Structures are given as structure tokens and as C-alpha cells.
Amino acid sequence: MSLTELSEQEIVRRNSLQKMKELGIDPYPAAEFPVNVSTLEIKENYSAELNNFQEIALAGRIMSRRIMGKASFAELQDSTGRLQLYVNRDEICPDEDKTLYNEVFKKLLDIGDVVGVKGFAFITQVGELSVHVKELFVLSKSLRPLPIVKEKDGQLFDAVTDPEMRYRQRYVDLIVNPYVKDTFLKRSKIINTMRQFFNEQGYLEVETPILQSIPGGATARPFITHHNALNIPLYLRVANELYLKRLIVGGFDGVYEFAKDFRNEGMDRTHNPEFTVMEIYVAYKDYLWMMNFTEEMVERVAIALHGTTKVQLGEIEIDYQRPFKRVTMYEAIREHTGFEISGKTEEELRDICKQLGIETDKTMGKGKMIDEIFGEKCEHHYIQPTFIIDYPVEMSPLTKKHRSVPGLTERFELMVNGKELANAYSELNDPIDQRERFEDQMKLSEKGDDEAMFIDQDFLRALEYGMPPTSGMGIGIDRLTMFMTNNLSIQDVLFFPQMKPEKPAETSDPDEKFLELGITAEWIEVIRKIGVKKVKDLKEMKAGKFFNDICGFNKKNKLGLDNPSLDEVNKWLS
RNA sequence: GACUCAGUAGCUCAGCUGGUAGAGCACAUCCCUUUUAAGGAUGGGGUCCUGGGUCCGAAUCCCAGCUGGGUCACCA
């Protein structure tokens, strides 16, 4: 990369790097730097009376500097937070040679550099806990200037808010926006809390295939790829349900997986093409048991994170205190539309949809229409945690038929803030019924529903060996994290949300290539600045426009170069 | 996919009824020399997202595109 393509500040930093090397300082040392304390531990436990933390070593990134001559202050940020450093010239340079302070600390170090310090904790005259630095070590030189975010009394100044920068360069977001890290710490805690809850009951954490030859367990468009050695298409899983059930058939009483699933569909505030789901299957249980289990799990997560069941989400407060309200789907529709849909025929339902202003088409069966009515008219009303139970059989091809109500299944969804958070069934374990349901799905598929399920013959074979009665539950971890951390966009709970790839910056041909064409040295940079980086691009330029562009650039930027003649320019381009 | 808003210095943003590109922070040089979103002085830094068009003249107006956000559609 040529220096002309770097910003002024980047050039300054590269020069500082070079000077450090000349002073015999390795800006990227290989050796371990033994840290014995974190900034948080000092902040939490320092006491002037005890006079503790008198021989400490800590490391982190320099986030600000206040140079005061022979005494300076800097803020060091490690993984636990920030702490002020006090750097005194004669402390870090006890001998005659003051280079480490005057040159290295004051001039060659920059905001963003990673350093290690040894010294002792103390309180400054203005009362701020600080580290009195006795020794300073450069651990990694930063060549790119960080955005400068300042903070006072919890208020941020000039915080980086540009979503593109925050999501593409999450590392920068994490460095400069302190609240971001907290979301991800909580995300980890949510998962750990759930895992601990499951392990306490003796359930087994398992892994199942992500590459599947039949993308089963949910009706969604899959990503497709190809395995070269087997010469077969493979799909990235849209769900792991059918594999977990195979394990129940195999004799495990409880299995669960935190799984990345992939769906090739639209992206928005609540959908990312890859997302995380926790699915759990427990033998000899039913969906009523699973409701209690789910409540307990969710309540436990809320308490683990916040110490209370009440969690703020945007303008509202969600209370995850057990028990959650339970409403059947038919009751929900009756309450929010006034229509009783129990026992209605397909034609009657179509008429109800029409009255409610819901568009229908020929491909929609009873189940799909009921689902539409619920989605349009009911779903958004359930802000506080609510179980919606007993779904129509057409929408639930993997769910056991209801024990007492024909046409329904033993299924619930947990709704929070008007969105589906978890989904659970008494699992269908009748292999003959399951085969028929798959065939019904195939018919829907032929009717035009391109999301109906593929038939997984091996899964049916497994059921034919006999699967114990089982209840399963899936919960969206990204969504749960959004609800639990008060983030309204899925992008804020994923470290690296999906983005369109950046166009790579075009690298420039070296000076020699331009010189070969007879272009004089002082014009090469001008040509690069107007966006022509390759000599081959010159061949395609019109001489007149090119002539105008470079002379205009010269004038506009007051470079004071003598313009070439049009003839000369013609020779360059020929 | 549709509509809509935005893209100006390393960062946050102003300028946008067209007329020589600005501020704060950051950076550089200097002053001060135990400060704290430090202070003072001076200075450097810009393909105003890209490409067309209108015009004597475009960051500004028009068209197309790129990237991102929002809303809607799609999304068991």
C-alpha cells in the first residue's frame, strides 16, 4: 500500500511505529505480559487504609491521554472497564535518559495502543483512583485512529451511532461503546443459565448435523450447498428437530441443543439468515408439563440477569413472574375478533376472513386461514408472557393430535411483546399419522405452498421403531436476548449480523507503471486522486475529459502544478 | 421486492432557496505542567458515496446506481 492512500493520522502512526523500532522497542512483542489484576478488581477492592494493590501489573488499551509535561494521565481500558493511569517522567525514567517518557509516551504512543503497566494503586489529589505507573511496556501499536468517544457522568459525547460502522466493524463498536459489551455478556449468561437448568435435570447436551440432505423439521426455504466428494446437494439445516427426536428414539430421556439454524428468507429487525435456537426434547412428558418447564426456565433467566422478574423493553415493562397466562387459539380469536371459529368449514372460514379484511387464496387451507386470523388480529395483543395453546392440525405437522378436541393439536407458543418467543408440542409419535401428515404437506406443496415440508423417510423409519411420548420445545435465543437486554433489533444481539459484503478498495498500480507512459511524477498522485488507480483504466479514458479532470483538480486544490498540454495528455493515454 | 430517509475531515455533525467547503473532538508544533468530556495558541487534514444530466458555475437541483437505516410485503 502506498503512503498516498493513507490518511494523515495513519501516516503519523506508521512513522511513530518506525521510530519505536529505531529506539529498539518492539511494537509487537512476542513474550507474555503477566497481568495480575483487572481494573474492575482494583476499583471494587482498593482501600487507602489497607494500602492494597501495591504491586500490580495490568494491560489494556489507551483510551485517552492528558499530557501535563513531566506528569501525565491516561485512561487504560481492559476487558472489565477503564482506570486512570498516572505517568510521571522521573518514575518511568529514573536515569538521565528520559526518552521513554518524552519520546515514547508523549509522542509515539497514541489512543488505541495496547500497553502493559506495572505500579501501584493510589488516589490522586482530585480524588480519582489511579495507577501510579513505575514501568510502561508497549504491547501492540495501533495504526488506525479510533473514533473518539468521551463520557461524563454516564453521558456519551460523539458516540459512534452509524449502524454500518457498528455492525461491520463490531470490534470498534465494542471498544468505544461500553454498553455494547454488556448485551453480549448477558447473552452468554442467558445461555449458561439455561444450560445449567437443563443439566440439573440430567438432560444431555448434544450436537446434530448442520449439513442435512433433507432440510426437515420446519417449513422454510433452505440454503443449498454441494458436497464434492459425495457429489450430492446438501442443505444447511432450517431446524434440528427431527434429529433430536431420533435421539429420543435411541433411548435418551432428555436431549437439548443450542443450534444455529439457517433460513434463506427476508432480513429485518427480527430476522437474520443465521440464528440460534435452543431445542429440548424430554421423553414421557406432554405439552402441559412443558409449559411449566418453559415458565420456570424463562423466569429463572430473567432473575439471573436482573435479580427480578420485571424487565424493561422499550417503553414497557415485561414481567416474567410465573405462572404465565394461558389462552387457547380459539379463545384468542373469539376475544379479539368476536368470531367463533370452532367447528367451521373451510368455506365458512374463508367468509370470516373476508369479513375481517384478510385476503385469502385457493392454496390456503383451514389451518393457514386460522393462522392468518391469529397473526393479523390477535398476536400483537400479547405483550406480557402468554401461552397460546391448541393450534389447528394443518399448521402443525409434527404435533400430536389433541387428546380431546378434534382438529386441534397439543401445541403452545409463548408470546412476548406480540412476538413468538418459544414453540412447543406434545410430539407426534404415531408413525402412521406422521406419514399422513407429511403427505398432506406434500399436497399443500403441490397446491403452491413452496414452504411445505420434504418427507424424511429415515425419520419415519425411526418413529416406526417406536418413540416414547415426548414433549419438545424450541426457543429463539436471539429473540430472548433482545427481550432480556432491551434491544429492539436482532443486529444488536448478534456480534456479526449479516451484511452485504464491502467492495474491496481498489489497489493502485505502482508509480513505475505510470512513469512508463511518460506521465511526470508530480501528476501520478493527482491521477490516483481523481480515482484512476490502474494504468489500464487510462486507455479507456477520453483525453478531453481526463485533461479537464486533472487540470481542474490542480486548480481546485491549489496544487500549483504546471498543467500539461493536451498533446502531452494524448501521448499518456495512447 | 416496494416506499422512504441518510451518506461532507479519523469520529460526531453543520452547510443544501446553486457562487472559493466549516465547527467540536482527534492529529501536528508550541505554551502550561497533578489533570479528568483538562486549558491556551498556531497549523495540517476533504474524489462533499459513485456515475450521468441541467447550468457560466453543483456538496447543494434532476436522473440512475451503491451502501446503510426505517416502514411495509415475505417470513410453520
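For clarity, every value in this text was computed on a predicted model and none was experimentally measured.
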What does the list of N/O pairs under 3.5 Å between the protein and nucleotides 10-14 of chain B look like, with a distance for each?
unit_1 : atom_1 : unit_2 : atom_2 : d
G10(B) : N7     : Q9(A)  : NE2    : 3.4

_I'd like to check D492(A) versus R166(A) (side-chain heavy atoms, cut-off strictly below 4.5 Å). Are they in contact?_
yes
_If the threshold is 4.0 Å, N to carboxylate O, is there a salt bridge linking K141(A) and D110(A)?_
yes
*Is there a Watson-Crick or G-U wobble partner for A41(B) with both distances under 3.5 Å, and if so, which one is it?*
U29(B)
*Using the P atom in both, what is the distance from G24(B) to C63(B), to the nearest Å?*
36 Å
*Taking atom types as they are modelled, is there a donor-acceptor pair under 3.5 Å from the base of U67(B) to the side chain of E502(A)?*
no
*asked:* For the C1' atoms, the ones on U71(B) and on U54(B), what distance do you get once it is rounded to whole angstrom?
replied: 33 Å
_Pairing check on A2(B): which nucleotide meets the Watson-Crick or G-U wobble criteria with it, both distances under 3.5 Å?_
U71(B)
_Tell me every residue that passes side chain to side chain contact (heavy atoms under 4.5 Å, CB included) with S396(A), counting only those two or more places apart in sequence or in another chain._
Y391(A), T399(A), T409(A), R411(A)
*asked:* A38(B), OP1 or OP2 - any side-chain N/O from R65(A) closer than 4.0 Å?
replied: no
_Nearest to side-chain heavy atoms of F73(A), which nucleotide of U35(B), A76(B), U36(B)_ = U35(B)
_Could you tell me how far C31(B) sits from G15(B) if I compare only their P atoms? Round to whole Å._
39 Å
*Are any non-hydrogen side-chain atoms of N429(A) and T470(A) less than 4.5 angstrom apart?*
no
*Expressed as a whole number of Å, how far does the C1' atom of U60(B) sit from that of C49(B)?*
15 Å
*Which residue, E420(A) or S489(A), contacts RNA chain B at a nucleotide closer to its 5' end, judged by nearest heavy atom?*
S489(A)
_Show the nearest heavy-atom pair for residues E91(A) and K134(A), with the distance to one decimal._
OE1-NZ, 3.4 Å
_Nearest-neighbour nucleotide for the Y167(A) side chain, C27(B), A76(B), G69(B) considered_ = G69(B)
_Any side-chain N or O of Q441(A) below 4.0 angstrom from OP1/OP2 of A76(B)?_
no
Using a cutoff of under 3.5 Å, can you pull out all pairs of nitrogen or oxygen atoms linking the protein to nucleotides 1-7 of chain B, with atom names and distances?
none

*Taking only residues two or more places apart in sequence, or in another chain, which ones meet R263(A) in a salt bridge (charged side-chain N to carboxylate O under 4.0 Å, His left out)?*
none
*R13(A) vs C27(B): side-chain N/O to OP1/OP2 distance below 4.0 Å*: no
*What residues, two or more places apart in sequence or in another chain, satisfy side chain to side chain contact (heavy atoms under 4.5 Å, CB included) together with E22(A)?*
Q18(A), K19(A)
*Taking only residues two or more places apart in sequence or in another chain, which ones pass side chain to side chain contact (heavy atoms under 4.5 Å, CB included) with P163(A)?*
Y167(A)
*Does any N or O in the side chain of R237(A) come within less than 3.5 Å of the main-chain N or O of K260(A), such that one atom is a donor and the other an acceptor?*
yes
_Between A26(B) and A38(B) - P atom distance, rounded Å_ = 7 Å
*Separation between the P atoms of G69(B) and U42(B), rounded to whole Å*: 42 Å
*The side chain of H271(A) lies closest to which of these nucleotides: U36(B), C75(B), A76(B)?*
C75(B)
_Nearest-angstrom distance, C1' atom, A2(B) to G10(B)_ = 37 Å
*Any N or O donor-acceptor pair linking the side chain of Q125(A) to the base of U34(B) at under 3.5 Å?*
no
_Given Y86(A), which partner from the list F122(A), F105(A), F120(A) fulfils the ring-ring contact (aromatic ring centres under 6.0 Å, His included) test?_
F122(A)
*If the C1' atom of A73(B) is compared with that of C3(B), how far apart are they to the nearest Å?*
11 Å
